[in-house]
Amino acid sequence: MPDLDLHCWDLSYAEARTLQTTLARQVIQYDDLPEVRCVAGVDVGFEEKGSVTRAAVAVLAFPGLELLDYAVAKVPTLMPYIPGLLSFRECPAILEALSRLSVQPDLLFCDGQGIAHPRRFGVACHIGVLTGLPAIGVAKSRLCGKSEILPEEKGARVELWDDNELIGSVVRTRTAVRPLYISIGHRISLNTAVHYVEACLTRYRLPETTRWADALASNRGQAVIRANQVLGR
DNA sequence: GCGACAG
DNA sequence: ATCTTGTCGC
């Protein structure tokens, strides 16, 4: 095993790509997760014209989806957004937020791709491998790969392929809305990943995990108040 | 050389 | 991602 500095984030783009290719071999692409009693969603936003990265994590009970815990972290932004290198920009803040949780999730939903990535190492894989947590990539748009036309009805699902590899699923979570791109992050199979995403849906395009994280990460403090009410404080 | 391109 | 209100459509 090479001596890698996994927590050095200000890398050259070439170094970052090489690290992705190396770490991709550590992704576990089959089901290796405990009984799922709580799931978490992560979301990242930016402040101060992008100089500050803000990450929010929301932990929900499963399958009830009640909010159990949450955490928000702000750290200086070190990398710009480069397609394919998103995780190097967002991971520091996400890891900090995860470390502040008092309830650790059994499964993590990440905004962005898992293995549906040019080097099979999107942000969901990066967070999964570094934390050891089972993780799923839940992206709102496509980074790479091709798929057949997706029917308009809720529940429709087609495979996402790239370079003769099955890298993800394109899933219609509501009728006539843009689909979600779901892929393996770590310690879970594609079918199980899609199963859990669908189990966290209510009446919206995004799973509740992501919706809670979005609300907590947004600038309006209303969400935090709501969170405190739910937590009984 | 010409697009494509998670958030 | 972010700047931002009301508005059109299923």
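Quick note on labels: first sequence line is chain A, next is B, and so on, each numbered from 1.
A:Ile167 places a side-chain heavy atom less than 4.5 Å from the side chain of A:Cys144. When side chains are defined from C-beta on, A:Leu206 does not count as touching A:Thr173, because their heavy atoms never get closer than 4.5 Å. Residues A:Cys200 and A:Leu65 meet the side-chain proximity criterion, which asks for heavy atoms closer than 4.5 Å. Side-chain atoms of A:Leu201 and A:Arg174, non-hydrogen and from C-beta on, never get closer than 4.5 Å to each other. You'll find the side chain of A:Val27 stays beyond 4.5 Å of the side chain of A:Arg120, heavy atoms only.
Counting non-hydrogen atoms under 4.0 angstrom, A:Gly45 reaches the backbone sugars and phosphates but no base. When heavy atoms are screened at a 4.0 angstrom cut-off, A:Lys140 is found touching the sugar-phosphate backbone but no base atom. At a threshold of 4.0 angstrom between heavy atoms, the contacts of A:Leu85 include nucleobase atoms, whether or not backbone atoms are also involved. Counting any heavy atom pair closer than 4.0 Å across all strands shown, A:Gly50 reaches no nucleic acid atom.
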State the dot-bracket string of DNA chain C. Criteria: Watson-Crick or G-U wobble, both atom distances under 3.5 angstrom; notation: ( ) intrastrand, [ ] crossing earlier pairs, | interstrand, . unpaired.
..........

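The footprint of chain A on DNA chain B, defined by a heavy-atom cutoff below 4.0 Å, extends from B:dA4 to B:dG7.
Residue A:Thr77 holds its OG1 atom at 13.5 Å from CH2 of A:Trp9, rounded to the nearest 0.5 Å.
Within 6.0 Å of the CZ atom in A:Arg100, the count of heavy atoms belonging to other residues, nucleotides or ligands exceeds 12.
For the side chain to side chain contact (heavy atoms under 4.5 Å, CB included) test with A:Asp111, the passing option among A:Asp43, A:Ile94, A:Val42 is A:Asp43; the others fail.
Looking at A:Glu152 and A:Arg172, a side-chain N of the basic residue comes within less than 4.0 Å of a carboxylate O on the acidic one, giving a salt bridge.
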Anything under 3.5 Å between a protein N or O and an N or O of nucleotides 8-10 of chain C, put it in a table, one pair a line.
none

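Using the six-membered ring where Trp is involved, A:His126 and A:Phe88 have ring planes that are perpendicular, over 60° apart on the 30 and 60° scheme.
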